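This report refers to the structure that appears directly beneath it.
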Amino acid sequence: MQSNVVMAALGLGSNMGDTKSYIEAAISALSAFEGIEVVGRSSDYRTPPWGPVPQDDYRNCCVTVKTHLSPKRLLEACLGIEKQLGRVRDERWGPRTIDIDVLLYGETRVEDDVLSVPHPRMMERAFVLVPLAEIWPNALIGGGLTVAGALEKCPDKNGISKL
Ligand code: X6L
Ligand code: MG
Ligand code: MG
């Protein structure tokens, strides 16, 4: 029995359709999920698309959750909610109605075929760090670095605006 409660951080993103509704519906579904309690929610940000695929700007935000789910179960909950909200996995790194990523799971490190936590590229992504720093600036993301510290060193913060 896993009865330990862990604080985890999730990153949400949407750049297709009614992005505000997708984000809200995802957070509602997370709250309703057995074993997940949403305890913090950042502002939403409009963020330029990052990566090799030209696409529309994103709405991104982060939530903190208390959970007794394992990292893998938490990921499965996120993927199930994406699917429930109609996400179609099309082009890799392409536009999507809703994306829910596991960023942090306490100070636990996970490295397996389906999951890497802390998210290995979060420290380079201002669209993750700006909202996360709003709700959990002192979270440790490895190498003695905090979210706020990583954000200071992160390029491309300009172009991100609070909605
Ligand atoms: C070279 C190769 C350089 C790949 C960058 C970066 C790939 C980011 C994927 C990359 C590369 C990603 C979001 C986004 C995506 C989002 C914003 C990804 C996955 N998701 N841009 N781009 N917000 N603003 O949530 O993060 S695709
Ligand atoms: Mg993502
Ligand atoms: Mg994802």
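All values below were derived from every heavy atom in this structure, side-chain atoms included, with hydrogens, water molecules and symmetry-related copies excluded. Since the model is a prediction, treat every value here as computed from it, not as a measurement. Order of listing sets the numbers, starting from 1, for every ligand and every atom in it.
Electrostatic pairing of E76 and R73 counts as a salt bridge here, judged by a charged N lying under 4.0 Å from a carboxylate O. A salt bridge links E24 to R41: one of the charged nitrogens lies within less than 4.0 Å of a carboxylate oxygen.
One finds an angle of 90° at the Mg ion (ligand 2) between OD2 on D101 and OD2 on D99, to the nearest 10 degrees.
Heavy-atom proximity to R96, at under 4.0 Å, picks out these atoms of ligand 1: 20 (N), 27 (S). Interface atoms of ligand 1 facing P49, defined by a heavy-atom separation under 4.0 Å, are 21 (N), 24 (N). For ligand 1, the atoms lying closer than 4.0 Å to a non-hydrogen atom of P48 are 17 (C), 21 (N), 24 (N). Distances below 4.0 Å separate heavy atoms of R125 from the following atoms of ligand 1: 6 (C), 8 (C), 9 (C), 12 (C), 18 (C), 26 (O). Listed by atom number, the atoms of ligand 1 under 4.0 Å from G51 heavy atoms are 5 (C), 6 (C), 10 (C), 11 (C). Counting atoms of ligand 1 from 1 in the listed order, those under 4.0 Å from a heavy atom of P52 are 4 (C), 7 (C), 10 (C), 11 (C).
Side chains of Y45 and E134: a donor-acceptor N/O pair is present below 3.5 angstrom, by distance only. No side-chain donor from either of N138 and T146 sits under 3.5 Å from a side-chain acceptor of the other. R96 and Y58 form a side-chain donor-acceptor contact under 3.5 Å, judged by distance and modelled atom types alone.
Of the protein's non-hydrogen atoms, the one nearest atom 25 (O) of ligand 1 is N60 ND2, 2.9 Å. From the protein, the heavy atom lying nearest to atom 14 (C) of ligand 1 is Y58 CE1, 3.4 Å. At the top of the distance list for atom 22 (N) of ligand 1, counting protein heavy atoms only, stands W50 O, 2.8 Å.
In terms of heavy-atom proximity, N15 sits nearest to D57 at CB-O, 3.1 Å.
For atom 19 (C) of ligand 1, a protein heavy-atom neighbour is present inside the 4.0 Å cut-off. For atom 1 (C) of ligand 1, the protein comes within 4.0 Å by no heavy atom at all.
Without hydrogens or angle criteria, S116 side chain to H119 main chain gives no donor-acceptor distance under 3.5 Å. Panel note: side chain K162, backbone P131; no donor-acceptor pair is recorded below 3.5 Å.
Within 6.0 Å of NZ in K157 there are more than 12 heavy atoms belonging to other residues, nucleotides or ligands.
In terms of polar-atom proximity, W93 is not counted as a contact of ligand 1, lacking any N or O under 3.5 Å from an N or O of the ligand.
Considering each of T47, N15, I160, the one bringing a non-hydrogen atom nearest atom 24 (N) of ligand 1 is T47.
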